[in-house]
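All values reported here derive from a predicted model rather than from experimental measurement. Residue numbers run from 1 in the order of the sequence given.
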Amino acid sequence: MADVVGEGAVERGTRRLRAEVALKTVVADPEAPQRLRRVLEQALVFSAATLAAVYAPGEDEDLLCLVESAGVPRTLYGLRDSYPRSGRSATADALRTGHPVWLGPAELAAGAESRRAPARDFFVAALPTPGAEDGGCLLAVSERPGGFDADDRACLALVAEAVAVPVRPAAAERGELPANAFSLAMDTGRVEVGDDILALFGLGPNAFDGKVETLLGLTVPEDLPSLMSVVEAGHTSLGDRELEFRVLQPAGPPRWLRLRGRLLPGGEGLPARLVGTVADASTLRAEVTDVARVQRLAAALAVAGTVRDVSHAVVTALRKPLRADRIALAELENDRLVVTVLDPPEPESWPELWRLEWRTEWPDAPVRAMPTLAAALREGRAQIWPAGTPLEPALADVGPGGLAVLPLPAGGRMAGACLIGWDAPHEFGPDERALLTASAGLAGQALSRAHAFDAEHELVGMLQRQLLPRRLPRLPGAEAVARYLPTTAGLEVGGDWYDVIPLPDNHVALVIGDVQGHSAAAATLMGQMRTALRAYAAEGHPPDVVVHHANRLLMDMETDLFATCCYVDVDLEEGTAWCVRAGHLPPVLRHPDGTTEIAEAEGGPPLGVLREADFPMSPIGLRPGTVVTLTTDGLVESADADIDTGMDRLARDLARSDPAHLGLVADALLVDARRSDDIALLLMRYDGMAVRPLRESWTVWRVPEAVGHARRFTRRTLRTWGVPPPGLDAVLLVVSELVTNALVHTDGRVRLDLILVNHRLRVAVADFSPRTPVKPASISWEATGGRGILLVEAMAAEWGTVPVSGGKQVWCEIALGG
């Protein structure tokens, strides 16, 4: 018993036993769809056959007709649809003798069919199917050197035993037609139909009159031409093509059905018959025709703006209906193919040679590395290679079961290529070829447009990025973030802008604006207005004066465009702000308790409308935790909602946000943005300064004792602030030099400002002269002046000068002992 068990264990490891188990699984359900084809596929798996087919007697008992096949197309080996049973062929010999026939290249070359055979060497096996009363035959082809070995022959014998030859058309006359089969007489149009097919058409056995026209009348009209090309008389062969069509339903969408059939030639006095099966294909195919797919692809490509959009539209239109295992679309850039989309996207799904070129997001490779692809691009037409076609590895591994290459033409050149691959052997029908050809032409034109769109869009984006701030400054006691989204409605650059301008004395200006229109002129004007507002703010003007100057400048530019603007000057020390609006939306405030409000800020007209316009200032109070939100109308206005509704929605969204993460708040506010216009968004959260500076000012009168008064004011102020004596002499020396320079070299009022924060004292002297002091390059020993700036530089940690309204301010900072 142990010996028997051991031998059985060894036997279970053989290929023959594995084939037996697989075949038992396949034939377990006699009513399973495509059962015969699944049996034949086992011959491909276990005997290394490239083709397996079944022949059976037709209406004419002397003809052996092809019933089913799997693998590469039989035409590659010169095999026919039918063979005379009394003639000399492998199938006829196998049935006549009742024994398998094994033919090699020499025997095939000597046969009568040698002129139909290809130049390659191959081997043919023909095995009669045992137990079939009508006499069927299994035919297999192998290209492996040496042909079928002993294990291959044993596996083919198992496949021959598992083959159940379908019922001949004559069986229909005996009432033995399977439920999913039909038999159509081509001369009369009379058709015998199984009960399952009648149910798919919504007919009962007693309601069907036996005419094929009755069934055709229940199909969708758009599908009739393809069906008529099948059932009309005069056809000689359907090949292995599967035809899919739709039938109307009493309610709901039409149902997809799949017809598989073959024309059996008639003998003397007998009509030719179309025999086959019809099955429900609703779960395997979407509810559109190939014509509709092309129409949908054209519609999708018409609105596809970028190369990536075009690529995804092509993948969506082709992969699922073709049941492809992979699809790639690549642009042709000079002599390189640059892949823009892969489906599936995982690298392991693609050839190893492709992964070696995976330099960026997708691979790219020179066209010369794939000669077959290069030839297809030169010819400019779709190329299809069935399974087993020798190709270079970079292409063969894309579609071992079949490969389609679609050159994408555009304007007299090739814009790129689309590669579609199958793993299992795939047979290409005329409808697929038509779909591929039509899709290639549409995709090529769209790809060319998208490439130009991408290039121009990148140029527009670069211009926009140059006109807007690259980064926002860090603010004491506050945080600011900004977002800008260009419109997706076109390529024109917009006029929206934002800015955050640090100002002296811990002030900051928040600016947002919008120039009328979308054009290069609008973008240029936007850049000019942003620069002007920044310059006027840096001069120290109050908010209303800054906006007034910008309005006058725009009027003087004599442009037909106008601009809106909102300018908010925030005092980060006191938590107060002044707002000026020029035809723009008011700020939206989110208070620390989560409530929101639209600030009540008076507004003036847009910039560039009235020369002497009035721009009133409105106060805004800020508590620590308050968020100030400025935006342009692209975020709050749309075709189905006015600005007031949009502002209310913005306030509600802001109330639901978490101000601790200001960047996430900005992103959330833009989630549902419609993008029909440019959008600029600026947020600032006021936290309050942890340490507030100490400030004192002194107006220096032009009297002989002016410098002494300034020194006494400085000494008294520092004593009040509790500044220790060390370092006091350096401060007094710097004050003396700066005040003296202002009195000697300028006219008008002079102001001295002292600011202390974190043991760092800032000394600033403002005057009404715009002339900046210049540090002397050298001073001779007999010179009586020019040493003041050198002394300031020596005593201070840093120094500089900034413009203020009508003059300048010279400042320096001195570190005091902590």
Side-chain angles (χ1 to χ4, degrees), residues 459-475 480-487 492-504 507-570 577-585 587 603-609 613 615 628-635 666 677-684 802-803:
L459 180 61
V460 167
M462 182 179 65
L463 174 61
Q464 190 75 58
R465 289 190 295 271
Q466 293 297 322
L467 294 175
L468 293 174
R470 293 188 177 183
R471 62 181 63 89
L472 299 184
R474 298 185 63 180
L475 304 175
V481 300
R483 298 289 187 270
Y484 178 84
L485 292 180
T487 177
E492 299 270 352
V493 64
D496 293 20
W497 88 91
Y498 61 86
D499 207 351
V500 177
I501 310 171
L503 300 174
H507 280 239
V508 62
L510 307 178
V511 188
I512 199 161
D514 184 2
V515 176
Q516 170 198 9
H518 294 81
S519 63
T524 303
L525 186 61
M526 176 265 281
Q528 292 171 318
M529 295 308 299
R530 175 177 171 249
T531 302
L533 284 164
R534 177 171 279 268
Y536 294 139
E539 288 182 351
H541 299 294
D544 56 343
V545 176
V546 171
V547 177
H548 178 75
H549 284 348
N551 178 61
R552 293 289 296 270
L553 175 65
L554 186 54
M555 294 294 300
D556 293 340
M557 294 172 65
E558 298 182 352
T559 177
D560 294 331
L561 302 177
F562 63 85
T564 64
C565 173
C566 183
Y567 184 103
V568 181
D569 185 323
V570 181
W578 291 96
C579 175
V580 176
R581 293 196 302 122
H584 202 85
L585 301 172
L607 304 178
V609 176
F615 300 100
V628 181
T629 304
L630 303 176
T631 186
T632 54
D633 55 5
L635 179 60
D677 192 6
D678 297 330
I679 299 174
L681 178 66
L682 178 61
L683 304 177
M684 189 203 75
V802 294

Rounded to the nearest 0.5 Å, the CG atom of Asp678 sits from the CG atom of Asp514 at a distance of 7.5 Å
Closest heavy-atom pair, Pro587 versus Val628, reported as atoms and distance to 0.1 Å, is CB-CG1, 4.2 Å
dist Leu472:CG -> Tyr498:OH (nearest 0.5 Å) comes out at 6.0 Å
On a heavy-atom basis, the closest approach of Leu475 and Ala480 is CD1-CB, 4.2 Å
Heavy-atom closest pair (Ala550 atom, Tyr536 atom, distance to 0.1 Å) is N-CE1, 3.6 Å
(message) Does atom CG (Asp560) have a neighbourhood of more than 12 heavy atoms from anything else shown, all under 6.0 Å?
(response) no
Heavy-atom closest pair (Gln516 atom, Leu561 atom, distance to 0.1 Å) is OE1-CA, 3.5 Å
Quiz item: Within the side chain of Arg534, is there an N or O that forms a donor-acceptor pair under 3.5 Å with the backbone of Val500?
Solution: yes
Smallest heavy-atom separation, Leu533 atom then Cys565 atom, equals CD1-SG, 3.9 Å
> Do Val515 and Trp497 touch side chain to side chain, with heavy atoms closer than 4.5 Å?
Replying inline: yes
When rounded to the nearest 0.5 Å, the distance separating CG of Leu630 from CG of Asp499 is 12.0 Å
Note to self: Do Cys579 and Pro543 make a side-chain contact, defined as non-hydrogen atoms from C-beta onward lying under 4.5 Å apart?
What the structure shows: no
To the nearest 0.5 Å, atom NE2 of His584 lies from atom CG of Asp633 at 7.0 Å
Interatomic distance, CZ@Arg552 vs CG@Leu554, rounded to 0.5 Å, equals 12.0 Å
Is there a donor-acceptor pair closer than 3.5 Å between any side-chain N or O of Asn551 and the backbone N or O of Gly608? yes
One should read off an interatomic distance between Thr629 OG1 and Leu681 CG, to the nearest 0.5 angstrom, of 7.0 Å
**Request:** Could you tell me whether the side chain of Val508 reaches within less than 4.5 Å of the side chain of Met684, counting heavy atoms only?
**Result:** yes
In terms of heavy-atom contacts, Ala532 and Leu553 come closest through CB-CD2, 3.4 Å
Q.
Check whether Thr564 reaches the backbone of Leu607 with its side chain - one donor and one acceptor, N or O, closer than 3.5 Å.
A. no
